[in-house]
Structure formats: C-alpha cells, structure tokens
**Student:** 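Dumping the structure here so I can ask a few things about it.
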Number of protein chains: 2
Amino acid sequence: MGTKAGKRVTAADVARSLGLSRATVGFVLNGTTEQRISEATRDRVLAEAARLGYRPHTAAQALRRGSSRLILLIIPDWPVDFSVSKCVEEASHTLEEAGYSLVTQTHHPVGTARPLWELLDPEVVVGFAPFTPDDVTAMQGCGVTKIVPGLEPNPSTPDPLGLHDGPRLQVEHLRARGHERLGFAATSDSRVSGLVESRLAAAQEAAAASGLPPLVVRTVDGSPDAAGQAVQDWLRGDVTGVVAYNDDSAARVIGAAIRAGRDVPADLAVIGHDDSPYTALFVPSISSIRIDYAGLGRHLAELALHAATGQPLSGDGVDAATAVVARESTAS
Amino acid sequence: MGTKAGKRVTAADVARSLGLSRATVGFVLNGTTEQRISEATRDRVLAEAARLGYRPHTAAQALRRGSSRLILLIIPDWPVDFSVSKCVEEASHTLEEAGYSLVTQTHHPVGTARPLWELLDPEVVVGFAPFTPDDVTAMQGCGVTKIVPGLEPNPSTPDPLGLHDGPRLQVEHLRARGHERLGFAATSDSRVSGLVESRLAAAQEAAAASGLPPLVVRTVDGSPDAAGQAVQDWLRGDVTGVVAYNDDSAARVIGAAIRAGRDVPADLAVIGHDDSPYTALFVPSISSIRIDYAGLGRHLAELALHAATGQPLSGDGVDAATAVVARESTAS
DNA sequence: TCTCACAGCTAGCACGTGCAAGTGGCCGTG
DNA sequence: CACGGCCACTTGCACGTGCTAGCTGTGAGA
C-alpha cells in the first residue's frame, strides 16, 4: 500500500504527494490555530495522511518540542502487583486524554537495572511512595524536575495517595462484630516498612477514636513460627480480633490459628487488606479491604498532570470507594 | 555547578568548553573506532563531559540513528504478576549489557489504553504469549517489524518460551507418590485459555509417557460450585491426584475438598503451578512448580536481542531450573 | 488603475545527535 | 626541497518535526 517500500512515512511524504509544502501539512496535523488553512486543503491533507498511514515520529517530536510527553510511574517492589495493573490501566487512560502516555517501571531497591528516567526523559516521574533522597538527586541529575510525590517544600497531605481509610474500616468492622481488644499483624519485610507504619498509625488512630485500647502489634513473618507466637500472645491477652497489614499477614495469622487448633473466626477474627484474589479461596475465606484502584489511578494521573501542566487538582479524594469485603474470617 | 542555568547540557557545550569541535566530542563519546582521537583529547573530553554532567539526548539519538534501542515487553493480564517482576528485572539487566532498554506494558485485551508501541517505536516487541493477528497488524502498521514470538513462518518451537517441563514434573511428582488416576483442574478464564491448553497438553503427554491413563479434566471456577462438582467427579472416578493449571486452581480444589469433608492429601493430593507466594500460607500448604523466572528473563532477552541484532541464540533452554516444591498438599 | 489588507500558503530555522567527507599540519622518503 | 601519506581534528549534512517570518495572489476600496 505504501508508495515507498519499507520506509517510514513522513510529513514530507504527505506534502509531496499533494504538491503542498511540509509546513502546511504540519499545520493541519497539529491543528494549529495561528495559521488559517482552507477547509478543502485541510481535508485533503488529513485524507492523504490517513491513506499513506502517516505516523508522527515520536523522537523527532520530542526533540523539537523539548518534551517527551511521557510520564513514568515507578512501582515499588511490593507484593501487591495483582491490583496495580487496574490502577495503571486507569491512569493511562486519564493521561491519554491529556495527550500524555504512561510508562511504568518496577523499582527494585537492590536491582541493578538502570532506571528508565535516564533514557526516556519523562516529563514527570510519579511514585506510589515518596522517593528516597538518593533517587531524587539521581533524577534531578538526569534533568527530571517534576517528581510526585516528594518535592513540595510544605506538603499539605502527608500521605499523598490519601489512603487512610482502609485501616479505619478494618478497626470499625471488627468493632461492629463485637471485638474490643485488637491485635495488629505486621510484616518484617523491609520493602514495605513505610506502608506498614502508615497503616498501623491509621489503625491506632481509628482505635483511639472509637474508644478502644491500642492495638497489640506482632510481627507474623520472618521466623518460622512468628505467626504462631503472635497468635499465642494475642489469645493470652484476650485479643479477639486482628487487623492485618495485608492479606498475606492475615493468611499467616489464620494458618497459625488453625494449626494451633483454634477456630477462625470464633476464637480469633481476622481481617486483611487489599482484597487479594486468593482471599476468597482460603478456608475460611478472608475478609479484607477493597481499594478503589481505578480511582487511585485517576488520582495519580491527576497528580501527574498537575505537575506537568499546572492543571488544577479536582480535590475529591480517593478514599471514597474503599470498602470492607466481609467474608468468613470475621463472620459473627 | 552547571555553567548555563537550568538548561540541558549538550555535546556542543562540552565541545565549546574545551575549544574543540562537536564532532570530536561525538567521536569520543561514541567510542567510534573509525576516527582516531589522541589519548589526551579523549581524556579531556570524558572529564569535561562528566564535569558538566552531560547526558545524551535520547530523542535526538533515536532520531539520528533511526532506532530507539528500546525493547517493549508486553505482559499479558494474567494473575501471575507476582513473579513476572523477577523475570523482567533479569531481562532488563541482560538487555542493558547490550545497550538496549526494556519497557514493559501490561496488555488488557478489553482495555482502552493505547499500546506503547505506537509512541515509543521500539525496535522489538516481545510477548510472553503469541500475539493475536490483530495486534500483529497493528504493530506492523506502526512500523514495528520485529515481533517475538509470532512471525516465524516455520516455528521450530511451538512453545517459544519452552515451558513444557512444569506439567511433566507435576505428573511425575504425583505418580512418584503413588497416584495413578489423575485429574486436571482447568480455569474458565479466557485470558489464559492458550496457556491452559498448552499445560494440559504437556500434562497429557507426560501421563501417556508414564503409562498413566489420560487426565480427567474439570473446570474449577466460573460457577459457584464448579470446584465442588469437580472434586465429586474425581473422587467418584477414583482419581486420587490432581494436577492444577496453576496455584489458584489448586487452591480452589483444596478448598472444595475440605468443605466437602475430605482430607488433603489423604483423599485427594493436589499440586499447583507457579509457586505463588501464598501457596505456603494455605492450610494445607500447596505443593507447586517453581519456575526459573530469572532464566526465563534471560531467555526473553536473548530472543529480543536475536531479533534486534541477529545475535545467535545460546540454545540452552529455560526449563533447566524448573522444579517441584513439595508441600503438604501432596505429602504421602 | 493603483493600493492595501488579508487569507492561504511556503521558505527555512532549530532541536541534538551520528557520521561521511574534507582539511591542515607533520614527518619520512626520494 | 617537493611530495605523498597519515594523524588528529573540523566542516557540514541528515534525521523529522514545530513554528516564525515571509511571500503570493485576490478582491475591495479609493
């Protein structure tokens, strides 16, 4: 179909084929309003571009306009990938409508892979979690100036993703089922320590607000019987409900309780966080917190666009759709 | 530190700062062997480039040399993300040594997000699974000519990733534990139907090779009690061991068996596939197949480099490190 | 008929890079 | 001393695009 064999179709090809200048073609294809182009010419150009299968050369555009229109999302190496894809999909979609594209990279702290910001020069780098100072200086050294979150001198929201609601819902759910003394199942995985701290703090806050005593914190992984020990501690302390940092921790608690001959939820009710796909497969099935990943994706996209173009933030939080998914592990 | 304020450092800046021509700087930075450059000048250039913090402009390079040196890996929307990151990390590393960079995108068949190959114009697009004809023509329309796998007119390996060993190991593991009549737990998830077929075929082949009767195939999801029905069918048919398509299917089978008052593995032994992190958390813990994701990543990288540069394939398969992880669900 | 505004188009530069072709100086040889 | 060869470097083009400044033709007004 192409007039030239195997070569890329450029705007010059379209122009030549119509006997017009390349500039005219450029004006039409960019929809420039500075320059008036007659309707007839505009149509001819568009038709011919479509016929030849013209695609703008991204590298040339990036070079000329000095911006790649790329947004890089750094995904931490958390074991929550199953749901991140929803979030990314939604963020991509929102960004596309603004003419930007989203590229993701999973960031391994110990990994040796070169970060993509070195060679895509994205306009904005977005992360789920704040970046380390090292990462920030590395990015700045590569010309990345817009980093979200992590550069605001006076951050209005300490938690840029606004995910406080999950732990609160966990606590309130257990309390509604009659559990007053609660435990918190933490992980020793250092990759997510910040997230654990954040969720624990939110849970403690919710407990205090509900007039409950502070949660008894135990780590449920790391050593072979950490979970068993935690369960024993909790039961001795009359803890009847456990808020788990995530579904993995919840599964560990439940497994240890069953192996200790206890019944879940009769002896110990457990609720996880993130609503991993396998929570429904467990016996007993695990209650959890479903996060609105689509909303989170839109929120991330908005933050990125705000950084890129100064577009104002819509302001509606992302917590709205966070909800408890009640299953057997907290049945009353 | 920069001589100019806030602007990108170009090769011309380095040249000007040294009183040399831009070409000389270019030759040094590219390590061109065509053109001899004195050792002294070379050192001066490198030192000055480092001092000024010079970074080549990727878009300009891509424009000039006509290739982006990017390789796009399309990750299917399978629920196996947890381990893909290992694979990607390793592939990135291998590709970097060859001067290429890896960008990944999760591909949602129903998603509306624009595929990245439209705007990164990657040199090669690699996929875990063969692409659909639609995708292939879309890529070709965007100038992507090198697609792996899926373009070989006479494919020597029907399974480009060479993952036949897993199902064979599952069958042999159950057989070694004394199970002769086996079932196969499939999923109705259409996204992975090709993978299911492939694993089932490999399992049937292994059964035949071991002199076992064909596996009794049942789907264990889709309807609420599909797994319960499957378990009932198997037990009635004297099936004592189940090869599951993946760990999710295995978990469904085990859950259904327990809820039916059966014991796993005494009444029914089950082995999963992929060694998902949660297999160890189940009660009983789930035996599974660990795949060498690092090796798979290197293999993918090799395939990509082969397509990009014609570099020969090393030939050693990726199956070598595939292994059974024996847990409670198949204990004898 | 001449002028002038203006719609509609074109010439051409700049972006930063990779590399082919050219240029000047130095040295060895006849 | 002339000349060729070679080293070390420079000039300059091309990649495809976005966009500014300029150019041409037409019609209206004087």
Side-chain angles (χ1 to χ4, degrees), chain A residues 4 6-46 48-49 52-69 99 118-121 123 142-143, chain B residues 4 6-46 48-49 52-69 99 118-121 123 142-143:
Chain A
K4 308 293 177 185
K7 288 300 297 171
R8 170 171 213 110
V9 179
T10 73
D13 293 330
V14 177
R16 197 176 316 116
S17 158
L18 287 173
L20 287 170
S21 80
R22 215 190 40 71
T24 305
V25 173
F27 288 133
V28 171
L29 294 177
N30 292 318
T32 313
T33 53
E34 284 296 301
Q35 179 60 57
R36 296 215 33 149
I37 301 287
S38 72
E39 199 63 31
T41 307
R42 182 181 305 274
D43 291 347
R44 282 204 306 152
V45 168
L46 291 176
E48 189 67 7
L52 295 180
Y54 168 74
R55 307 236 150 219
H57 193 308
T58 333
Q61 287 183 312
L63 172 60
R64 166 61 227 219
R65 85 162 81 94
S67 120
S68 57
R69 300 244 152 163
E118 289 187 12
L119 28 75
L120 291 181
D121 49 34
E123 218 153 317
C142 296
Chain B
K4 307 293 175 185
K7 289 299 299 170
R8 176 180 263 290
V9 180
T10 74
D13 293 330
V14 177
R16 198 177 315 118
S17 158
L18 287 172
L20 287 170
S21 81
R22 215 191 40 72
T24 306
V25 173
F27 289 132
V28 171
L29 294 177
N30 292 317
T32 312
T33 52
E34 284 296 300
Q35 180 60 55
R36 296 217 31 149
I37 301 287
S38 72
E39 199 64 32
T41 306
R42 181 181 306 273
D43 291 348
R44 282 203 307 151
V45 168
L46 291 175
E48 189 68 5
L52 294 180
Y54 168 74
R55 306 237 151 220
H57 192 306
T58 333
Q61 287 183 312
L63 173 60
R64 167 60 229 221
R65 86 161 81 93
S67 118
S68 57
R69 301 241 152 168
E118 288 188 13
L119 29 75
L120 291 180
D121 49 35
E123 216 153 319
C142 295

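Because the structure is a prediction, the values reported are computed rather than measured. In what follows, chains are A, B, ... by sequence order, proteins preceding strands, each numbered from 1.
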**Student:** For residues 17-31 of chain A, dump all side-chain donor-acceptor pairs below 3.5 Å to protein atoms at least two apart in sequence or in another chain.
**Tutor:**
from, atom 1, to, atom 2, distance (Å)
Ser17(A), OG, Glu48(A), OE2, 2.4
Ser21(A), OG, Ala23(A), N, 3.4
Ser21(A), OG, Thr24(A), N, 3.3
Ser21(A), OG, Thr24(A), OG1, 3.1
Asn30(A), ND2, Gly26(A), O, 3.0

**Student:** Five pairs per end, C1' atoms only: what is the angle between the end axes of the helix from dT1(C)-dA30(D) to dG30(C)-dC1(D), to 10 degrees?
**Tutor:** 80°
**Student:** For Arg36(B), does the CZ atom have more than 12 heavy-atom neighbours from other residues, nucleotides or ligands under 6.0 Å away?
**Tutor:**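 At most 12 heavy atoms, drawn from other residues, nucleotides or ligands, come within 6.0 Å of this atom.
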**Student:** For a quick test of reading the model, state the closest non-hydrogen atom pair linking Arg69(B) to Gly99(B) and the distance between them.
**Tutor:**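 Answer, listing the atom of Arg69(B) first, then Gly99(B): CD-O, 3.5 Å.
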**Student:** Just the endpoints, please: which first and last nucleotides of DNA chain C, 5' to 3', lie under 4.0 Å from a heavy atom of chain A?
**Tutor:** dG8(C) to dG16(C)
**Student:** To check you understand the geometry: which heavy-atom pair defines the closest contact between Arg8(B) and Arg55(B), and what is its length?
**Tutor:** NH1-O, 3.2 Å
**Student:** Atom CZ of Arg16(B) and atom C1' of dT10(D): how far apart are they, to the nearest Å?
**Tutor:** 16 Å
**Student:** Categorize Ala23(A) for me: base, sugar-phosphate, or nothing, with a 4.0 angstrom heavy-atom threshold over every strand shown.
**Tutor:**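 Ala23(A): base contact, heavy atoms under 4.0 Å.
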**Student:** Mind listing the residues from residues 32-40 of chain B sitting with a heavy atom below 4.0 Å of DNA chain D? Number order is fine.
**Tutor:**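 Heavy-atom cutoff 4.0 Å gives Gln35(B), Arg36(B), Ile37(B), Ser38(B).
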**Student:** Excluding sequence neighbours, so at least two apart, what forms side chain to side chain contact (heavy atoms under 4.5 Å, CB included) with Glu34(A)?
**Tutor:** Thr32(A)
**Student:** Can you name the nearest heavy-atom pair linking Leu63(B) to Ala59(A), along with the distance?
**Tutor:**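 Looking at all heavy atoms of both residues, the closest pair is N-CB, 3.9 Å.
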**Student:** Shortest non-hydrogen contact from Ile37(A) to Thr41(A)?
**Tutor:** CG2-CB, 3.9 Å
**Student:** Establish, with yes or no, whether the OP1 or OP2 oxygen of dT10(D) is under 4.0 angstrom from a side-chain nitrogen or oxygen of Thr24(B).
**Tutor:**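 Looking at the OP1 and OP2 atoms of dT10(D), one of them is under 4.0 Å from a side-chain N or O of Thr24(B).
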**Student:** Rounding to a whole Å, what distance do you find between Arg64(A):CZ and dA14(D):C1'?
**Tutor:**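 To the nearest whole Å, that distance equals 17 Å.
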**Student:** Would you name the heavy atoms of Tyr54(A) and Val14(A) that are closest together and state the gap between them?
**Tutor:**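 Heavy atoms only, the tightest pair is CB-CG2, 4.0 Å.
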**Student:** Considering non-hydrogen atoms only, spot the tightest contact between Ser68(A) and Ala62(A) and give its length.
**Tutor:**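 Here Ser68(A) and Ala62(A) meet closest at CA-CB, 4.1 Å.
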**Student:** Short question: side chain of Asp43(B), backbone of Ala40(B) - any donor-acceptor pair under 3.5 Å?
**Tutor:**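 No; zero donor-acceptor contacts below 3.5 Å.
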**Student:** Check the interface with nucleotides 23-25 of chain D: list each N/O to N/O pair with the protein under 3.5 Å, or write none.
**Tutor:**
none

**Student:** Within the structure provided, determine whether Thr58(A) and Glu118(B) are in side-chain contact (heavy-atom separation under 4.5 Å).
**Tutor:**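 The answer is no, as the side chains (C-beta and beyond) never meet within the 4.5 Å cut-off.
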